[in-house]
Amino acid sequence: MKFEEIEALMRRNESLSEQYILPENFIIVRLDGKGFTKLTKEKLSLEKPFDQKFSQIMIDTTKYLFNVGFKVIYGYTQSDEISLLIHKEDNTFNRKIRKINSVLAGEASAFFSLKFQEICVFDCRTIAIPNQEMLLDYFCWRQEDSHRNSLSAHCYWTLRKNGFNAKQTTEKVEKLSQSDKNELLFQYGINYNSLPLWQKRGVGIINKEMKKEGLNPITKEPVAYLRNELLVENELPTRESYRTFLKEIFEKI
Ligand SMILES: Nc1nc2c(ncn2[C@@H]2O[C@H](COP(=O)(O)OP(=O)(O)OP(=O)(O)O)[C@@H](O)[C@H]2O)c(=O)[nH]1
Ligand SMILES: [Mg+2]
């Protein structure tokens, strides 16, 4: 086959396997640390179950992803994952899923690795969301996941720190209901309700248009202007209140 024929065939096959997020759909991406159970244990030496520095770097990575070319409306991070809501009309990379996933995974992995001076890798998946109700369901689902994982992680590490081995602990925690888990923590002197909210509910990042005041450099008169700022919400509300909080953000878009 001639070079031109090979090229045409390759390009045709490449474009026929392309997938897109359809128009009129919101784009949600979720990035997740690859093999972070092992990485956090062996290379990053973090506080267990929750580490303030790790969480701050997850927040910084989320903030960084607001500025890599997509119109991001809301970011949410918990544990080793980041969700981003991208504007319905964002047309970056013609909404090609392969490009969105690879570029965002690359950006997050590079940023996070630099912060820890270790190779840390994120995967990324893209989800099409056709309406606002599903957006709310998505973020409430991730927050519920955060809450469940946090309760289990606190139980796990409380038992480990009190002499149980990994196998015993996993078996014990798996069998417990949500209220049993609260009770277990209580027996070890931990009141789950009084633990920091970011550990239980995750952290939200909002791209907010803020009114600012400055001075006109020529006339020296005060002038008002608008500037976008990223606000970090470490104390997110839950359930219905979280839906209301999100609705207020989404209604402005
Ligand atoms: N010590 C510590 N570990 C954390 C913290 N946040 C997240 N992790 C770890 O990150 C892991 C995230 O779990 P998963 O994403 O389900 O598992 P994974 O090992 O990353 O596996 P894949 O995502 O499937 O590649 C948890 O098991 C925790 O061990 C933290 O603040 N401190
Ligand atoms: Mg992971």
Side-chain angles (χ1 to χ4, degrees), residues 15 17-34 55-113 115 120-146 198 201-210 226-234 236-237 242-253:
S15 61
S17 59
E18 202 74 76
Q19 289 186 315
Y20 298 84
I21 295 284
L22 297 179
E24 295 303 313
N25 279 256
F26 290 98
I27 305 173
I28 284 189
V29 292
R30 185 165 73 257
L31 299 110
D32 187 288
K34 172 181 165 267
S55 166
Q56 187 55 53
I57 293 180
M58 289 300 296
I59 294 169
D60 293 343
T61 309
T62 311
K63 287 168 88 175
Y64 172 75
L65 296 177
F66 272 74
N67 293 307
V68 297
F70 297 89
K71 193 168 181 211
V72 182
I73 294 153
Y74 180 65
Y76 174 74
T77 179
Q78 57 114 344
S79 182
D80 69 338
E81 72 171 55
I82 296 170
S83 294
L84 302 174
L85 167 61
I86 297 174
H87 200 282
K88 212 167 152 173
E89 276 145 33
D90 191 309
N91 205 32
T92 314
F93 304 129
N94 283 330
R95 301 165 78 86
K96 284 180 185 162
I97 291 176
R98 153 186 82 85
K99 287 285 278 191
I100 299 172
N101 284 340
S102 56
V103 167
L104 284 171
E107 293 276 9
S109 305
F111 183 89
F112 195 90
S113 298
K115 295 285 166 185
C120 309
V121 173
F122 284 86
D123 68 26
C124 183
R125 70 203 64 192
T126 305
I127 308 141
I129 306 270
N131 57 53
Q132 202 196 58
E133 212 45 37
M134 272 180 73
L135 282 183
L136 302 177
D137 289 341
Y138 174 86
F139 284 104
C140 288
W141 168 52
R142 293 328 296 154
Q143 195 185 53
E144 182 61 25
D145 183 81
S146 162
W198 63 269
R201 301 181 180 181
V203 175
I205 291 129
I206 309 145
N207 193 359
K208 208 165 193 170
E209 210 169 54
M210 307 285 281
L226 294 172
R227 196 171 74 189
N228 278 62
E229 274 184 21
L230 295 179
L231 299 186
V232 177
E233 184 49 74
N234 278 304
L236 287 172
Y242 189 38
R243 289 180 96 83
T244 310
F245 166 90
L246 291 170
K247 259 190 224 164
E248 277 173 22
I249 299 168
F250 303 159
E251 261 151 21
K252 290 188 195 119
I253 55 177

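Computed from a predicted structure; not experimentally measured. The analysis underlying the following values was restricted to heavy atoms, covering all of them including side chains, and did not include hydrogens, waters or symmetry mates.
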To the closest 0.5 Å, what do you measure between [atom1] ([X]) and [atom2] ([Y])?
X: Asn91; Y: Glu89; atom1: CG; atom2: CD; answer: 9.5 Å
X: Cys140; Y: Asp145; atom1: SG; atom2: CG; answer: 12.5 Å
X: Met134; Y: Asn25; atom1: CE; atom2: CG; answer: 8.5 Å
X: Ile129; Y: Leu136; atom1: CD1; atom2: CG; answer: 10.0 Å
X: Phe66; Y: Ile86; atom1: CZ; atom2: CD1; answer: 10.0 Å
X: Leu85; Y: Ile206; atom1: CG; atom2: CD1; answer: 12.0 Å

Nearest non-hydrogen partners of [X] and [Y], listed with the distance:
X: Cys124; Y: Ala105; result: CB-CB, 3.9 Å
X: Tyr76; Y: Gln143; result: OH-CA, 3.4 Å
X: Ile205; Y: Tyr74; result: O-CD1, 3.3 Å
X: Leu31; Y: Leu104; result: CD2-O, 3.5 Å
X: Phe112; Y: Thr61; result: CD1-OG1, 3.5 Å
X: Ile100; Y: Phe93; result: N-CD1, 4.3 Å

>> More than 12 heavy atoms of other residues, nucleotides or ligands under 6.0 Å from CD of Gln19: yes or no?
In response: no
>> Would Tyr20 and Ile97 count as a side chain to side chain contact (heavy atoms under 4.5 Å, CB included) here? Give the steps.
In response: CA-CA 5 Å; Tyr20 298 84; Ile97 291 176; 5.7 Å; no
With a 4.5 Å cut-off on side-chain heavy atoms, are [Y] and [X] touching?
X: Ile59; Y: Val232; result: yes
X: Asn228; Y: Lys208; result: no
X: Leu65; Y: Glu107; result: yes
X: Trp198; Y: Leu236; result: no
X: Arg201; Y: Gln78; result: no
X: Val29; Y: Arg125; result: no
X: Gln132; Y: Glu251; result: yes

Using modelled atom types only, decide if a donor and an acceptor are shared between the side chain of [X] and the backbone of [Y] within a distance under 3.5 Å.
X: Asn131; Y: Glu133; answer: yes
X: Arg227; Y: Met210; answer: no
X: Asp90; Y: Lys71; answer: yes
X: Asp32; Y: Asp123; answer: no
X: Arg30; Y: Ser83; answer: no
X: Ser109; Y: Phe122; answer: yes
X: Ser113; Y: Cys120; answer: yes

>> Under 4.0 Å between a side-chain nitrogen and a carboxylate oxygen: does that hold for Glu18 and Arg98?
In response: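 Counted as a salt bridge, because a side-chain N and a carboxylate O are separated by less than 4.0 Å.
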> Any ion pair linking Asp137 and Arg243 (charged N to carboxylate O, less than 4.0 Å)?
Replying inline: yes
>> Checking side-chain contact (heavy atoms from CB on, under 4.5 Å) between Leu135 and each of Ile73, Ile28, Ile249, which is the one that passes?
In response: Ile28
> Could you walk me through whether Thr126 and Ile21 pass the side chain to side chain contact (heavy atoms under 4.5 Å, CB included) check?
Replying inline: CA-CA 8 Å; Thr126 305; Ile21 295 284; 3.4 Å; yes
>> Can you list everything that forms a side chain to side chain donor-acceptor pair (under 3.5 Å) with Asn234? Sequence neighbours excluded, please.
In response: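 For Asn234, no residue satisfies side chain to side chain donor-acceptor pair (under 3.5 Å) once neighbours in sequence are set aside.
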>> Run Phe111 and Asp60 through side chain to side chain contact (heavy atoms under 4.5 Å, CB included) and show every step you take.
In response: CA-CA 9 Å; Phe111 183 89; Asp60 293 343; 3.9 Å; yes
> Hey, mind stepping through Phe139 and Tyr242 against ring pair (Phe, Tyr, Trp, His ring centres under 6.0 Å) and telling me if it holds?
Replying inline: CA-CA 9 Å; Phe139 284 104; Tyr242 189 38; 7.2 Å; no
